[in-house]
Engineer: 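First the structure, which I've put down as C-alpha cells, then a few questions once you've had a look.
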There are 2 protein chains.
Amino acid sequence: MRADQALGAKFESWLAMGFDETRCPVRRLLDHVGDRWSMLLLAALAGGPRRFSALARAVPDISKRMLTQTLRTLETDGLVHRDVQPTVPPSVTYSLTPLGVSFAGPLLGLVEWAEANFGAVVAARARMAAAA
Amino acid sequence: MRADQALGAKFESWLAMGFDETRCPVRRLLDHVGDRWSMLLLAALAGGPRRFSALARAVPDISKRMLTQTLRTLETDGLVHRDVQPTVPPSVTYSLTPLGVSFAGPLLGLVEWAEANFGAVVAARARMAAAA
DNA sequence: TTGACATGGTCTCAGATAGAGACCATCAAC
DNA sequence: GTTGATGGTCTCTATCTGAGACCATGTCAA
C-alpha cells in the first residue's frame, strides 16, 4: 500500500473510533515532540551527548529559556537523559535515551524529505506570490 | 549506518557549514509543516479530497481561524490544492498535491513511531512524576 | 412563514506562549 | 580586576492561538 493510502486509512480508523483528541497517541505525542525546537534538539543530540552550552551554540537562535524548557519536556517524556556532575560550577550533559535514539529513524525521514523537496516548496511559494 | 548516526552526521555538517538558520531547508520547512495542525490536516487529506467543513468535523478541536490559516499556508507551500466551485453557497474542496502525497511517507513514519512508543512515553512521564 | 442549519469563511478580544535580555554564584585565566 | 564560562531563573513584552460572534445565501422541516 502507498504511504498516503496507509495514512488515510489510519486517519479514517481514528475517526471511526470517535477518537477523543486527548486519547489519541499521535496527537499527544506530536503535541510534545512536534515543535521546531524539540526536533532540532533531538537531531543535535543524535550525534552524541552534548552539554547545555554546546546545545545553545549548536542552535544559536534558541533562547536559554526555551532550551531549558524543551530539554525538560524531552526528559520527562523519556527521550533525553540529563546527567549532572556535581562539580563547581556544575556541568550538565544531555544525551538521547534508547527511546530517543529510536525516534531518529522517523526524524531522519522527515529531514531527508525536507532536503529533497525544499526546492519544490520554494517554487510553489514563488508561483503563489506571482499569482497574487 | 544507523539512523541516529546519519542524523547526527547531518547535523554536524550543518554546523560545519555555519548554517544560517534562515537558509537551512530543514529549519524553514519545519517552521511551516512542523506544527500540530499542519501534520494533522495532511493526514486527514491523505485519504482523499475533503471539503472545508468535513475537515472541521474530522479535527473537531481546531478553530475555523486556524483551519483557514493552516490550509492557506499548506497551499502556498504547494502541499495542498484548493478548488473552489462557484456554486451558491460556494463549495471548496481541498486535496493533496503530488508534493503533499510525497510527504505522506515521512509523516507515516512519524505516526507509526508515535503509536508504537506512546506507552513508553507515558511510562517515562509516570516515572518522572513519581521521582518528583 | 418562520426558524434551524449548512456553506466557507472573516473579525475581534482575551489568554497563553515565545523571545530578549538582565541576573545569579563560583571559579579560571589574563 | 576584569572577563568569560558554567547552567540556569526571572521578568517584560510581543506574538500567536482559540473562542465565539457575524455574514449572505440557500435548503429543509414544522
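Computed over heavy atoms, backbone and side chain alike; hydrogens, waters and symmetry mates excluded. Convention: sequence-line order gives letters A, B, ...; per-chain numbering from 1. Keep in mind it's a predicted model, so treat the numbers as computed, not measured.
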Engineer: Looking at S102(A) and P106(A), what are the two nearest heavy atoms and their distance?
Structural biologist: O-CD, 3.5 Å

Engineer: Applying side-chain hydrogen bond (donor to acceptor under 3.5 Å, both in side chains), which residue pairs with at least one partner in residues 122-131 of chain A are found, sequence neighbours left out?
Structural biologist: R125(A)-H32(B), R125(A)-D77(B)

Engineer: For F11(B), give me all partners under ring pair (Phe, Tyr, Trp, His ring centres under 6.0 Å), at least two apart in sequence or on another chain.
Structural biologist: W14(B)

Engineer: Report the residue (S63(A) or V88(A)) whose heavy-atom-nearest nucleotide on DNA chain C is the more 5′ of the two.
Structural biologist: S63(A)

Engineer: Do any pairs count as a side-chain hydrogen bond (donor to acceptor under 3.5 Å, both in side chains) and have a residue in residues 60-69 of chain A, sequence neighbours left out, and if so which ones?
Structural biologist: D61(A)-R27(B)

Engineer: So, taking the atom named CD in E12(A) and the one named CG in L7(A), what distance separates them when rounded to the nearest 0.5 Å?
Structural biologist: 10.5 Å

Engineer: What parts of residues 27-40 of chain A reach DNA chain C, counting only heavy atoms under 4.0 Å away?
Structural biologist: R36(A), W37(A)

Engineer: So, using salt bridge (charged side-chain N to carboxylate O under 4.0 Å, His left out) as the criterion, who are the partners of R28(A) when residues are at least two apart?
Structural biologist: none

Engineer: Can you sort out which residues in residues 64-82 of chain A have a heavy atom within less than 4.0 Å of DNA chain C? Ascending by number, please.
Structural biologist: R65(A), M66(A), Q69(A)

Engineer: Expressed in angstrom and rounded to an integer, what is the separation of Q85(A) atom CD from dG7(D) atom P?
Structural biologist: 10 Å

Engineer: Heavy atom of residues 42-56 of chain B under 4.0 Å from DNA chain C: which residues?
Structural biologist: R51(B), F52(B), S53(B)

Engineer: Once salt bridge (charged side-chain N to carboxylate O under 4.0 Å, His left out) is applied, do any residues pair with R2(B), and if so which ones, sequence neighbours excluded?
Structural biologist: D4(B)

Engineer: Test of understanding: with ring pair (Phe, Tyr, Trp, His ring centres under 6.0 Å), list the residues that count as partners of W37(A), not counting sequence neighbours.
Structural biologist: none

Engineer: CZ of R57(A) versus C1' of dA5(D): gap in Å, rounded?
Structural biologist: 9 Å

Engineer: Under a 4.5 Å cut-off applied to non-hydrogen side-chain atoms, are V59(B) and L41(B) in contact?
Structural biologist: yes

Engineer: Among residues at least two apart in sequence or on other chains, which ones pass salt bridge (charged side-chain N to carboxylate O under 4.0 Å, His left out) with D83(B)?
Structural biologist: none

Engineer: Of all nucleotides in DNA chain C that come within under 4.0 Å of a heavy atom of chain B, which is furthest toward the 5' end and which toward the 3' end?
Structural biologist: dT7(C) to dT12(C)

Engineer: For Y94(B), check ring pair (Phe, Tyr, Trp, His ring centres under 6.0 Å) against everything at least two apart and list the hits.
Structural biologist: none

Engineer: Identify whether V84(A) and L71(A) are in the same connected component of the hydrophobic contact network (ILVMFWY, side-chain heavy atoms under 4.5 Å).
Structural biologist: yes

Engineer: Test of understanding: clusters of I, L, V, M, F, W, Y form through side-chain heavy atoms closer than 4.5 Å, transitively. Do M1(A) and F103(B) belong to the same one?
Structural biologist: no

